Amino acid sequence: MRLALFQPDIPQNVGACIRLGACFGVQLHVIEPVGFRFDDRAMKRAALDYGPLGHMTRHSDWDAFQRDRAPGRLVLFTTKGATSLSNFVFEPDDVLLFGRETVGAPDYVHAAADARVFIPIRPETRSLNLSVSAGIGLWEGLRQVR
């Protein structure tokens, strides 16, 4: 199982996902461009000393990510998802993909996804934080396959 972030805007979310990857032993893929510099203090502070333990790969753009990624289903987490997380069955080689914090994932990313999943939340709320969503999705995926 792997995590992938599509053009993230907020360095603290990437830092938190570096920690997720390190703590759960999964690869993190960051699809550029991003909305910050990778040497940003906020990202370093969020990742603390977990950066060297995490396996993060940066991809220059969506095409590079698609070309270079290992086989496995692309599972897009989205507020416009078709399947509730509680009903989705994960596979060990899934790539859990999360869109930009500000605008989500564009249509071409939705079209490339093998599955689209949403995390059920109260109807009067809009969405969860990116790194919180990644933690919830990753935990459930790992729970199922391990």
Side-chain angles (χ1 to χ4, degrees), residues 1-36 38 40 42-43 46-48 50-146:
M1 192 155 296
R2 291 155 282 165
L3 280 177
L5 307 179
F6 179 82
Q7 299 180 353
D9 295 314
I10 301 171
Q12 294 90 332
N13 283 328
V14 176
C17 288
I18 288 170
R19 292 178 76 167
L20 276 173
C23 289
F24 291 112
V26 300
Q27 295 176 356
L28 172 64
H29 296 267
V30 177
I31 303 159
E32 297 186 17
V34 297
F36 55 89
F38 263 93
D40 190 295
M43 188 181 79
L48 297 174
Y50 289 89
L53 300 175
H55 301 294
M56 184 179 74
T57 302
R58 293 167 57 185
H59 302 273
S60 60
D61 57 28
W62 174 253
D63 291 335
F65 168 73
Q66 285 288 73
R67 181 186 65 241
D68 298 340
R69 73 179 175 94
R73 295 185 309 176
L74 193 58
V75 179
L76 177 62
F77 279 73
T78 174
T79 57
K80 301 171 187 155
T83 305
S84 172
L85 176 62
S86 58
N87 296 325
F88 189 75
V89 178
F90 289 91
E91 297 176 2
D93 61 351
D94 284 344
V95 177
L96 284 62
L97 176 62
F98 297 84
R100 291 178 66 184
E101 296 95 325
T102 53
V103 295
D107 290 342
Y108 64 88
V109 173
H110 278 263
D114 298 298
R116 293 182 304 127
V117 174
F118 69 93
I119 299 170
I121 58 176
R122 294 174 43 199
E124 65 271 16
T125 60
R126 189 176 69 239
S127 64
L128 291 164
N129 170 277
L130 171 67
S131 57
V132 170
S133 297
I136 291 168
L138 180 60
W139 173 255
E140 177 58 18
L142 293 174
R143 184 193 70 78
Q144 287 185 25
V145 302
R146 290 187 179 168

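All of these numbers come straight from a predicted model, not from anything done at the bench.
For His110 against Ala105, the heavy-atom pair with the smallest separation is CD2-O, 3.3 Å. Closest of all the heavy-atom pairs between Phe6 and Arg100 is O-CG, 3.1 Å. Minimum heavy-atom separation, Leu28 to Val14: CD2-O, 4.3 Å. A pairwise comparison of heavy atoms in Arg73 and Val89 identifies NH2-O, 2.9 Å as the closest pair. For the pair Ser84 and Val117, the tightest heavy-atom approach, listed with the atom from each and the gap, is C-CG1, 4.3 Å. Of all heavy-atom pairs spanning Leu3 and Cys17, the tightest one is CD1-O, 4.5 Å.
Although no hydrogens or angles enter the test, the distance criterion places no donor-acceptor pair under 3.5 Å between the side chain of Asp94 and the main chain of Leu96. A donor-acceptor contact shorter than 3.5 Å links the side chain of Asp114 to the backbone of Leu74. In this structure a side-chain-to-backbone donor-acceptor pair under 3.5 Å is missing from Glu140 to Phe88. Side-chain atoms of Arg116 come within 3.5 Å of backbone atoms of Lys80 as a donor-acceptor pair (strictly under, hydrogens ignored). In this structure a side-chain-to-backbone donor-acceptor pair under 3.5 Å is missing from Arg2 to Val26.
We find the CG-CZ distance between Leu85 and Phe90 to be 5.0 Å, quoted to the nearest 0.5 Å. Rounding to the nearest 0.5 Å gives a distance of 11.5 Å between CD of Gln12 and CG of Leu130. One distance of note links CH2 of Trp139 with CG of Leu20; it measures 11.5 Å at 0.5 Å rounding. The distance from atom OG1 of Thr78 to atom CG of Leu97, rounded to the nearest 0.5 Å, is 9.5 Å. To the nearest 0.5 Å, the span separating OG1 on Thr79 from CG on Leu128 amounts to 10.5 Å. Rounded to the nearest 0.5 Å, atoms CE (Met1) and CD (Gln27) are 12.5 Å apart.
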Legend entry - Audit row: His29, Val95, side-chain contact (heavy atoms from CB on, under 4.5 Å) steps and yes/no: CA-CA 9 Å; His29 296 267; Val95 177; 5.6 Å; no
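When each of Ile31, Val30, Asn13 is checked for a side-chain contact (heavy atoms from CB on, under 4.5 Å) with Pro8, only Val30 meets the rule.
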